[in-house]
Amino acid sequence: MTTVEHAEHVDVEESAPTAAPPEERPIGYGRLKRKEDPRFVRGKGNYVDDVLLPGMLHGAVLRSPFAHARIVSIDTSAAEAHPKVKAVITGKTLEGLGLAWMPTLSMDTQAVLATDKVRFQGQEVAFVVAEDHYAARDAVELIDIEYEPLPAVIDARRAMDADAPVIRDDKEGRTDNHIFDWEAGDPEAANAVFERADVVVRQEMLYPRVHPAPLETCGCVASMDPVEGKLTLWETCQAPHAHRTLVAMVAGIPEQKIRIVAPDIGGGFGNKVGIYPGYVCAVVGSIVTGKPVKWMEDRSENLMSTSFARDYHMTGEIAATRDGKILGIRADVLADHGAFNGTAQPTKYPAGFFHIFTGSYDIEAAHCKVTGVYTNKAPGGVAYACSFRVTEAVYLVERMVDCLANELGRDPAELRMQNLLRPEQFPYENKTGWTYDSGDYPTTLRKAMDIAGYEQLREEQRRRRAEGKPMGIGVSFFTEVVGAGARKHFDILGLGMADGCELRVHPTGKAVVRLSVQTQGQGHETTFAQIVAEELGIPPEDIQVVHGDTDQTPFGLGTYGSRSTPVSGAAAAVVARKVRDKARLIAGAMLEVSPDDLDWEKGRWFVRGDPSAGKSIQEIALAAHGTLELPEGVEGHLEATTVYNPPNLTFPYGAYICVVDVDPGTGVVKVRRFIAVDDCGTRINPMIIEGQVHGGLADGVGMALMQLIGFDEDGNCLSGSFMDYLLPTALEVPDWELGYTVTPSPHHPIGAKGIGESATVGSPPAVVNAVMDAIGVRHADMPLTPSRVWHAMHGGVGAPQ
Ligand code: MCN
Ligand code: CUN
């Protein structure tokens, strides 16, 4: 990796590199090695599959082989007769408990175990509980189901046809596959600028269906204590508190009798936001057997049945003047949500965050329409390092800007520079209602172009072209919206999205901070300790971070949409400041001066004008627990709690440049260079940020070039293993060249914005723009596999994979 850090726009000091001796280690922000890594590199992480309980049983799911079929009969007698089987659960069992259907995040309904029909291949139909995993799997094979196959709807564009089979006929009065229609922006204002424009470019594109494919698949251990009536659920999940409330609402178990524990998690990437039928089955399995039940899906189950993302058919239109000023943008989208609508749909933003599709540009008018439809595919519309539809929005606008550049014969970087929002326009309200908090876009793009050596690259491209070697340079500039956020704007399941945080400083000056969010590999144990360290001057290694256990942590809606830093990170800073304020009162009593006469420097309060007279936070902590007579109104001990309700979301952004070479004979794309300049405001741990960006860039290159969850016309999933669902390895990605700028968020206590999804969101259009630039074609859909690129080069559109 090459890190190019230009100093002129940086106002946060970077600390010493990772190998620094203890005295040089940062107390606060900086490149601190991850606290969690010693256990991971030693293989001592504790995942759900490591949970072993006395008497534990094992569950396995029977899944539908058909994408669409009526269930005629289910015969479980042979499975029940298996000597190691303890229970066989079907939809009928669940109906008796009122659990046959469960709500999705968008308050749609999803069958836990199918009773009437199966609606996608891989759908859950029955659940076996047995003494061991192998017996459970064997017994699944013994269940005899008679299906009556029905025609399947696989293409979203077919789903709205009048004669299309109705998928959700379980819903009363439903005669079509339409889920929602959603609009943003002003259609009349958009029409007006489109009429006035010199140039209008229109392009259809598909953002194909992809899967997050975390290293650890989904699963749980459910243990219902038959005496106490308390359910403990170990889950590989991103949002423990949200799951607790959901389980309470759905299963009718009192919330104080539910404990969700999310131990170490082998990646989430959005796959572990929601609840899957297997979890409900494991809970029911534990209730009916009186024993703990473990259920872990395998890789194919994970790929075929859990949350997919994208599957957006988009038509974009962009309007501009002849000299390149963008006037308006329009989008018409068909969103394929699969058989059950699983997307998180906050009430005010029903199509997720797609309506940031005006991107990073000063655009006069915008309008978009998103239509959601059901198809016979696994429940889609969920998440994959996406900031919930920002990915699709960024792809649309960044492809459209390139199409416009193509039409006008302009350089795509220069055209962007002309249209980017200017620093003085912030805070900027876009035409669909977002208020972008802060940004200096031209500086960031300039920096990326400088690192790339943009002009020389264009020169090289001309030379190579003359030799018949296709080389492409792709630019993208993205603005994300992350950190949901603001009770007045958001609710999921009727819950607001404010996050709690608790901080306790022990008598010896060590501390414990309890979070509502849940790390899946993002390094929260390190960075949240750094936030508290920065505010209090307690070394990060002295601060324990507790998360992932609802019995031990305050309420909050969890980690997704890169919201941990924007929301919970803010809460951690605020709670530390509360502790600091309390410490001031105690220091005043210790030093026998008025607290108003004290000043703070990192780690201690001292008497203004007499720095030698001071008390360290550790001394204050001891006094707070000791015999010191505390001032009137000050309680003992040194601790605080807070609930942070963010005033706005944060708007991280970045400029990416991708350089590709295309083999003219085979269509193979080689990503030769990738330059990424990100701005996530104040940087807590630059090393962790770089790791997040590296991962996201690999994801983005993968989506652009190879990842695809495909189906045949009967709805058979063609991507049920890593042999068919291709993920990039170190061989397919270049040495990333990173840079950064720092434009703090004005409304966030430490000025930080999220970074966890930026690179996944921003990189696919850079890669596609580069390939189109190389082959001189206006558009071809992802994934740009060799055959697709080859066909595009030879005039074929819609070539096979
Ligand atoms: N950070 C920082 N300075 C900033 C912003 C962030 O040092 N200005 C640090 C944070 O403290 C945190 C990490 O970077 O340790 C990511 O922070 P943030 O952007 O707040 O994102 P979240 O922690 O909320 O993580 C969620 C995000 C999402 S939604 C997906 S999807 C994704 C991603 O993170 N899934 C991941 N990155 C992942 N990385 C790993 N290893 N595994 C996943 O499943
Ligand atoms: Cu969009 S995937 Mo992340 O938000 O969990």
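Each ligand, and each atom within it, is numbered from 1 in the order the structure gives. Since the model is a prediction, treat every value here as computed from it, not as a measurement.
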Between [X] and [Y], is there a side-chain N and carboxylate O pair less than 4.0 Å apart?
X	Y	value
Lys377	Asp311	yes
Lys602	Glu534	yes
Lys35	Glu525	no
Lys753	Glu480	no
Glu36	Lys44	no

Selected option - heavy-atom contact closest to atom 23 (O) of ligand 1, from Met687, His524, His694, Arg683: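 It is His524 that holds the nearest heavy atom.
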Using heavy-atom distances only, which candidate in Ala309, Gly266, Cys386, Gly268 approaches atom 44 (O) of ligand 1 most closely?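 Nearest heavy atom to atom 44 (O) of ligand 1 lies in Gly268.
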Would you mind checking which non-hydrogen protein atom is closest to [atom], with the distance to 0.1 Å?
atom	answer
atom 3 (N) of ligand 1	Ile684 N, 3.2 Å
atom 37 (N) of ligand 1	Gln692 OE1, 2.7 Å
atom 22 (P) of ligand 1	Ser564 OG, 3.4 Å
atom 19 (O) of ligand 1	Ile755 N, 2.6 Å
atom 7 (O) of ligand 1	Asn685 N, 3.0 Å
atom 5 (C) of ligand 1	Lys753 O, 3.1 Å
atom 12 (C) of ligand 1	Gln522 O, 3.5 Å
atom 28 (C) of ligand 1	Glu757 CG, 3.6 Å

[X] neighbourhood, listing ligand 2 atoms whose heavy-atom distance to it stays under 4.0 Å:
X	answer
Phe269	2 (S)
Gly561	3 (Mo), 4 (O)
Tyr384	1 (Cu), 2 (S)
Glu757	1 (Cu), 2 (S), 3 (Mo), 4 (O)

Mind checking whether Phe180 and His337 have ring centres under 6.0 Å apart?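 Yes; His337 has its ring centre under 6.0 Å from that of Phe180.
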Side chain, backbone, both or neither: the part of [X] lying under 4.0 Å from ligand 2 by heavy atom:
X	result
Phe388	both
Ser387	backbone
Cys386	both

Regarding [X] and [Y], do their side chains bring together a donor and an acceptor under 3.5 Å, going by distance alone?
X	Y	result
Thr306	His211	yes
Thr479	Ser360	yes
Thr760	Glu757	no

Numbering as shown, the atoms of ligand 1 that approach [X] to under 4.0 Å (heavy-atom distance):
X	result
Ala385	31 (S)
Gly270	31 (S)
Ala752	8 (N)
Tyr560	29 (S)
Gly267	44 (O)
Thr559	22 (P), 24 (O), 25 (O), 26 (C)
Gly754	19 (O)

Working to the nearest 0.5 angstrom, can you tell me the gap between Asp49 CG and Met296 CE?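 Result: 4.5 Å between the selected atoms.
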Take the angle between the ring planes of Phe477 and Tyr441 and call it parallel below 30°, perpendicular above 60°, tilted in between.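 The arrangement is tilted - the two ring planes meet at 30° to 60°.
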Under 30°, 30 to 60°, or over 60°: which ring-plane class applies to Tyr428 and Tyr436, parallel, tilted or perpendicular?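 Rings of Tyr428 and Tyr436: perpendicular, as their planes differ by over 60°.
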Nitrogen or oxygen of Gly270 less than 3.5 angstrom from that of ligand 2: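 By distance alone, the answer is yes.
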N/O to N/O below 3.5 Å, does that happen between Gln238 and ligand 2?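 Indeed, backbone or side chain, Gln238 has an N or O that close.
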[Y] six-ring face occupied by [X] cation (under 6.0 Å, within 45°):
X	Y	value
Arg563	Tyr560	yes
Arg389	Phe353	no
Arg299	Phe722	no

Residue pair Gln238, Thr559: steps toward the side-chain hydrogen bond (donor to acceptor under 3.5 Å, both in side chains) verdict: CA-CA 5 Å; Gln238 298 180 214; Thr559 291; over 6 Å; no
Below a 4.0 angstrom heavy-atom separation, can you tell me which part of Ile689, side chain or backbone, both or neither, approaches ligand 1?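 The side chain, only.
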Please state whether Gly561 comes within less than 4.0 angstrom of ligand 1, counting heavy atoms only.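 Contact present.
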Under 4.0 Å, counting heavy atoms only: does Cys680 come that close to any atom of ligand 1?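 The answer is yes: ligand 1 sits under 4.0 Å from a heavy atom of Cys680.
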Just to verify, what does His243 make a ring-ring contact (aromatic ring centres under 6.0 Å, His included) with, not counting sequence neighbours?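 Listed in chain order: nothing, the list is empty.
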Would one find an N or O of Gly521, backbone or side chain, under 3.5 Å from an N or O of ligand 1?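 Checking ligand 1 against Gly521, an N or O pair does fall under 3.5 Å apart.
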Could you walk me through whether Arg310 and Tyr395 pass the side-chain hydrogen bond (donor to acceptor under 3.5 Å, both in side chains) test, one step at a time? CA-CA 11 Å; Arg310 326 288 193 254; Tyr395 183 73; over 6 Å; no
In this structure, does ligand 2 have an atom that sits under 4.0 Å from one of the heavy atoms of Gly268?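 No; Gly268 lies far enough from ligand 2 that no heavy-atom distance drops under 4.0 Å.
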